[in-house]
Amino acid sequence: MLSQLRKVLAASALSFVVATAAHAADKHKVAFVPQLIGIPYFNAMEAGGNRAAKDLGVDFVYSGPVDTNPVDQLQIVQNLIDQGVEAVSVSVLDASSIAPVVESAKAKGIKLFTSDSDAPDSGRAVYVAQATDEGLGTTIIDELVKRVGEDATIGIVSGEATASNLNAWIGFMQKEAAAKYPKLKLLAPQFAGGTAERAAQISGDLMAANPDIKAIIAVASSTCPGVAQAIETAGKIGSVIGTGYCSPNTARSYLKSGAFGFTVLWDPEQLGYLTVWAGKQLIDGKSFEAENKIAGLDKPATYDAAKGILLLGPPAVFTKDNVDKFNF
Amino acid sequence: MTAPFLVARNIGKRFGALTALADVDLEIRPGEVLALLGDNGAGKSTFIKILAGAHPPSDGELLIEGKAVAFASPKDAAASGIATIFQELALSENLSIAENVFLGRELKRSIFGIPFLKRAEMRQRVDGLLQELDAHISDPEAPVGSLSGGQRQAVAICRALNLNARLVIMDEPTAALAVAETRKVLALTRRLAGRGCAVVLISHNISEVLEVADRIVVFRRGRKVAERLAAETNHEEVVSLITGAHPDVRALEKTN
Amino acid sequence: MRTLRNLQGPALTLALLCALWLIVIVGLLALKPSVFNLGTVTTILQFSTILALVGLGQGMVILAGGTGIDLSVGGAVSLSAIIALLSLKLGLPPVLLPAVCILTGAMLGALNGLLVNGLALLPFIATLGTFFVYSGVALAVTGGAAQSGVPGWLLVWGRGVVAGIPVPFLTLAIPCFALAGLALMATAWGRWIYAMGFNERSARLVGIPVDRVRFILYALSGALAGAAGLVSLAWLGSGRPNIGQNLELESLTAAMLGGIAITGGRGGVGGVFAAVLLLVTLKTGLLQLNINTVWQVGIVGALLVFVLLADRLSQRWRS
Amino acid sequence: MSAVRQSGSGVFSMNGREWSLLVACLLAIAIFSVASPHYATQGNAVTVLRNSIELLLIGLGMTLLLAMGGVDVSIGIVMGLAAIAIGRILGADGSPFVALVAGPLVGALLGCVTAAVVVLGRVPAIVGTLGLLGVYRTAVFALLGGQWLSGLPSSLNDLLATTVLGIPVPALVIAVAYLIVWLALRRTPYGLHLLAIGNSEEKARLSGIPVIKVRFLTFVISGVLTGIAATFYVATYRNVETSIGSTSALDAIAAVILGGTSILGGRCSLLGTVLGVLLLRILQNGLLLIGVPSLWQPVVTGVLIIGVLGFEAVSNRLPLTRFQRAPA
C-alpha cells in the first residue's frame, strides 16, 4: 500500500512540476473556457488561442468541463479568477447562470468576456462572435431552401436541450422560416444529448415519421456523424439532405458520400485567435475599433459597440467541392 | 471392530491469544454415527471446521486411513472423502435438486473442448439416490427453494453421497425442523451410516443424539472431556458431562 | 504503518482522507503558494455546498442498508428547482419559494420511499426508474430552457459570504451535517439506522420500525436534494433543468469515499463531509495548477478504487 | 408467477415476464401502426432493429453480470475504448479483418482489468466499476486527445452490412452470440456456477465452485460482447466521439431489469433482455413517430421500469427475505 501511495505521490508531483513549469513565465494571462473539452471544434479554438498567445506574447490557459455541466464550468471560471488570470473568456453553456462569476470577476478587476456563446445581459466586457446567432440561423435556412425548395419539411437534431447558444440558433432558424418561407415546414427540434448513437436513432425515427422530409439539420457538432449515418443507413442519400454546423474534418466523408449537402461553420481556429487577441486588448485597456485589422487573421474583425460584439465575419459554407481546402 | 477412517491426534487451534481447541484425540469409524456434544463455545464447530478443511489446525495432525493429511481448503477435504452439511445448508435455492446435488462436480461431456452438462444422466443418478434414501421427493427438477427443511436436508445428504463421501459431517441437521421432518432426517442419518459412511453429527438435542448415535463425544472449553457409547449412557449423565458437573470432568479439569 | 494497521473501517477511511487532503494541500502549498487565501476557501466551500447536501442524503440512505441507494438525487435536485420556479409563475408568493423547493424534494424522495416500501421494489431499481423520470420531466417540461424569476432577496442569501464562508454553506450545509451527525450518534433513531443497516432481520425482530425509518430517510434524501436545488437557484439566479446532472454518481462517490459501506451499517456522515471537501479541494487544486480537467475524472475514480482496496487490505490484515 | 425454472427449458420456451414483454411489444407495434401511417414500414422496422444492435450485445453481458450478483456501470466507456482501437486501425487504413479482432480483444482486456479490481480486489461491483468509470473516461479523453476519429473508411461496414444466406450479418452475429451465451448459461457447468454465485457467493464457495474464476470469466465475457458492440458502432457510425457510450450502461441495466433478470442475482432471462431492449427501442421510435418530443424518452424508460416491476411486485407480493441480501 505504501508503494502505491508513493507512486501516486510521485505521479502527482510530476504533473505539478510539468504544469507549473509551463506557466512559470511572468506574462499576461488570457484564458478560454469552452463548453466542454474533447471535441474537435473547441480543440481548434485552443490551437488558435495558442497561436495568438505566441504572436502576442501572452500566456494562454485552456480549461473546460468534461461534461456540458454549467456548475463544472462555473467552477473552472471561478478558479481562473482566483488564480488572477487577467482576462477570462467563456463559451457560455447557460447564459442565465454565469452571474455569480461575473460579480466575482468585477470585484477582482478581472476582464470577463464571452466567446463563441454569449450571455448578453450578464455585464460581460465583450462578446467575441464567430458570426451573429441570427446570421447562423438564417444562413443555414437560406442555403437549405436553395437546395430543397421553399416547400419542404425539415427536421432539426440538436445536442443538449440546455445549451443556450444552440437554442438561440434554432430560434433564428424558426424566425427566418416563418418570415421568409411560409410554406417551409420546420419540425420541432429533437435533442440527442451529444452522442452519435442517439443522434442517429432520432434521425432515423424522424425520417420514418416524416416520409416527406427533405433535410435534417445537425445543430450541435456532436450530432453531425449521427445524422449523416442515419441518412446513409436509411438509403436516403439524394432524397434527404443532411446539413449542420459541422467542421470540415467531421463532415468530409459525409459531404463526399452525398449524405450531407453542405455544412456551415466558421474557422474556430481563427475564432480562438480572435478571442486571445481580444483578451490582450482588454488587459491593455485598449478599446476596439469599428474594424480591427489583426495580423494573424485572414479578415478584419468588426466591432458593434452598441451590442458589444466583436465579429469574426460571416460563416463559411462547406461543400464537397471546397471541403478539402480546410483542415479543422 | 473396523479400522478407523479418520484419526485426529492432539488437535489444537488458536485464534491469536484465544485457544479455541486443545489436545483433541478422536477416532471415527466407517458405518458409525458419532455425535459431538457440548455447550456453545465448547469447540465443536471449530473442530468440524478443521475436519472440513475450513481452518487449518494450529497443532496436531489428522490421519485418514492411517495417512497424515493437511487440508488447505474445503476442496482438499472433499477430495479425501469428507463432506460437510452445514447448518445454513449450502444449497442454491434457485437451482434444481439435480443441479444442487452435482453443483461443482457436474457430469459433463466435452464437445469441441467445451464441457456440456449431461443433464439426463445427472437426473437419473439423483432419482436413484433419492429413492435409495426414501426421501419422498417426486421431481428432481424442482427448485430447492420450493422444498421443505427436511427435504433440503435430504438433498444435502444426496449431495454428500454423490461426492462419494466416506465421512459426512452434519451440523445441527434438525435445528429448524418440525417433528415429523426431524424423524425423517434421523432415519436418513441411520441409512447413511448403513451404507458404510462415517457420520459426525453435531446436535444440542440429547435425546435425539441418544437415539441415533453409536458413540458420543463431549466437548467442554475447547477440550474433549468424555467419550461414551450411546448404549451405555443416559440423558442425565450426558447433561452432567456437558455442564461439567460430572465427577470425571471435574477431575480432568482439576488436573489441567 | 503499525498504527495504520490498527485502524479499520470508518476510522481508516477518515485517516486516509485526511492524509490525502494534507497531500493535496501540501502539494499545492509547495507548487503554488499564492493559492492560499480566503478566496480559495470561499470557492471550495461554495462548490461543496450542493454536493455536500446531496451526499448527506445519499449517505444516510445507504447507511440504513436494505441495499439502499438513491440514484434519483440528481433528478430530484433539478426537478424540485424547476417545479418551485414554475409554481412561482403560477402565482405562488415568492416568500414560499424555499419551502416549496424543499417540500417538492421531500415529496420526490417520499415517492422513492413508497416504491421501496410499498411496492417492495429494490432501491436500485426504484430509484433508477425515478432517476429517468425526474431528470427527464425537468428537461421535458421546460424544453431545456433555464427558468428565470428567482427573487432578489434569495440571491442575497445565495451569494452572500460571511468571514470567507458562503452563507448557504454556513446556514444550510453545516447545520444539516451537524444535525445528522448528532442524530446518528446520540438518538435512538441514529442507533436504529445503524442497527437496520447492519442486520435488518434482527432489527425487525427487536421491533425497530424499519419500514418507517427507511421511508423517512428516502424523504429526507429528497428534501436535502430539494435544499440543494434551492441553493442552486439562490446562487445561479436561475433554475436549470439539468443542474443535478451527474450528482447521482458524484454523491455516491462521496459517500463511498467517505467510508460508508455499500451494504449499510458502517460509516458516518463525518466521512462524507470530509470526502466532499477532499473532492472539491482536489478539483480546485488541479484547476489552480491548470491540469487538464480530464485527469480529475480519472483521479477521483482511481481514488475511489484505491480507498476501497485499502479498506479491503486492512480487513485482510486484521483477519 | 411461480418460481422460475432455470433448467429443462428449451431455447424458445418462455416464462411469464417474457410473455408479457412480447405482448407489450406487439401491442405497442399495433397501437403505433394505427396511430401513425408511417410506422409499419419495412424501413422503420430496419431502423428499430439497427438501433438495437449495440444495446442487445451489451445487454447480454449485463444479464450475466446481474445474474451473478454483479454489475458494471463502466461498460459503455469500455465500448468507447474498444471503438477507439478499432477506429485507429481503420483510420490507419488497416485491414478490416484486423479491426474485427481488435474490438473483442480490447473488450476482453478491459474485462480483465475490471475483474482484477472487482473480483480479485474484492470490491463491491457497483462501487468498483464506478471508480473505473472515471478512470476509463479519462483514458478515452487521453487517447483521443480531444480529437474525434471521424470520416473513417467504410471497409468495416462493407464487411458487416452484407448478408449471408440472405440473413443480415448483424442479425446473424446477435443470434450466434445469443445462442452461445444461452448454451453457456443453461447447458454448461459455468452457467450453473454463475447462478449459484448469484444466489449466494458464500454457499457457492462452500459447494466447491471456483467462485473467483467464474466471476472473473463473466467480466471478460461481458467485455468481449461489448467489444463486438463497439465493432458495430464503428462500422455504422464511422466515427468515435468523446462522449461515446456515456448512456449505454444505464440503458442496458434498464433493459435487463425489464427483462426479468434479478438485480440481486441468481435469476436471469436472456430472452427477457432481448425483449426488454426491443420494447425500449420500439417505444422510443414509436413515440417520436406519433409526435412525442425526444426529451420525454427517458421519462418513458423510467415509467416503464417502475410500472412493469411495480405491477409484478403488487401482483405477487414477494417475500421480505429479499431485503436481507446485500447488493452486488
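A note on names: the letters A, B, ... follow the listed sequences, proteins ahead of strands, and every chain is numbered from 1.
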A:Asp324 and A:Lys256 ion-paired at < 4.0 Å:
yes
Would a 4.5 Å heavy-atom cut-off, applied to side chains only, mark A:Glu46 and A:Glu269 as touching?
no
Partner chain D: residue of A:Gly38, A:Ala234, A:Ser253 with the largest heavy-atom pair count (under 4.5 Å):
A:Gly38
Would you confirm whether A:Thr233, through its side chain, and A:Gln229, through its main-chain N or O, come within 3.5 Å as a donor-acceptor pair?
yes
Highest number of heavy-atom pairs under 4.5 Å with chain D among A:Arg252, A:Arg198, A:Met207 belongs to A:Arg198
I'd like to know if the side chain of D:Ser52 reaches the main chain of D:Leu278, judged simply by a donor and an acceptor atom lying under 3.5 Å from each other, with no hydrogens or angles considered.
no
Which one, D:Thr247, D:Leu288, D:Leu295, D:Asn239, leads in non-hydrogen pairs under 4.5 Å with chain A?
D:Leu288
Against chain A, label D:Arg137 side chain, backbone, both or neither, depending on which of its atoms sit under 4.5 Å from a heavy atom there.
side chain
Interchain contact, D:Gln284 with chain A, by part (heavy-atom threshold 4.5 Å)
both
Is the distance between the ring centroids of A:Phe318 and A:Phe326 under 6.0 Å?
yes
Contact class of D:Thr47 relative to chain A, heavy atoms under 4.5 angstrom:
side chain
Turns out that what part of A:Tyr254 lies under 4.5 Å from chain D's heavy atoms comes down to side chain
In terms of heavy-atom pairs under 4.5 Å with chain A, the winner among D:Ser150, D:Ser294, D:Pro153 is D:Ser294
I want to know whether D:Trp148 and D:Tyr237 have ring centres closer than 6.0 Å.
no
Where does D:Tyr233 contact chain A at under 4.5 Å (heavy atoms): side chain, backbone, both or neither?
side chain
Where on D:Ser248 is there a heavy atom nearer than 4.5 Å to chain A: the side chain, the backbone, both, or neither?
side chain
Do any N or O atoms from the side chain of A:Asn167 and from the backbone of A:Ala161 form a donor-acceptor pair under 3.5 angstrom?
yes
Output the option from A:Ser222, A:Ala208, A:Cys224 having the highest count of non-hydrogen pairs under 4.5 Å with chain D.
A:Ala208
Under the side chain to side chain contact (heavy atoms under 4.5 Å, CB included) rule, what do A:Ser158 and A:Ile170 come out as? Steps first, then yes or no, please.
CA-CA 9 Å; A:Ser158 185; A:Ile170 296 171; 3.9 Å; yes
Against chain D, label A:Ala188 side chain, backbone, both or neither, depending on which of its atoms sit under 4.5 Å from a heavy atom there.
neither
Can you say whether A:Leu36 sits under 4.5 Å from chain D via the side chain, the backbone, both, or neither, judging by heavy atoms?
neither
Would you please test D:Leu156 and D:Ile86 for side chain to side chain contact (heavy atoms under 4.5 Å, CB included) and show each step?
CA-CA 9 Å; D:Leu156 194 57; D:Ile86 300 164; 3.7 Å; yes
Measure distances from A:Ser221 to the heavy atoms of chain D and classify the residue's part below 4.5 Å as side chain, backbone, both or neither.
both
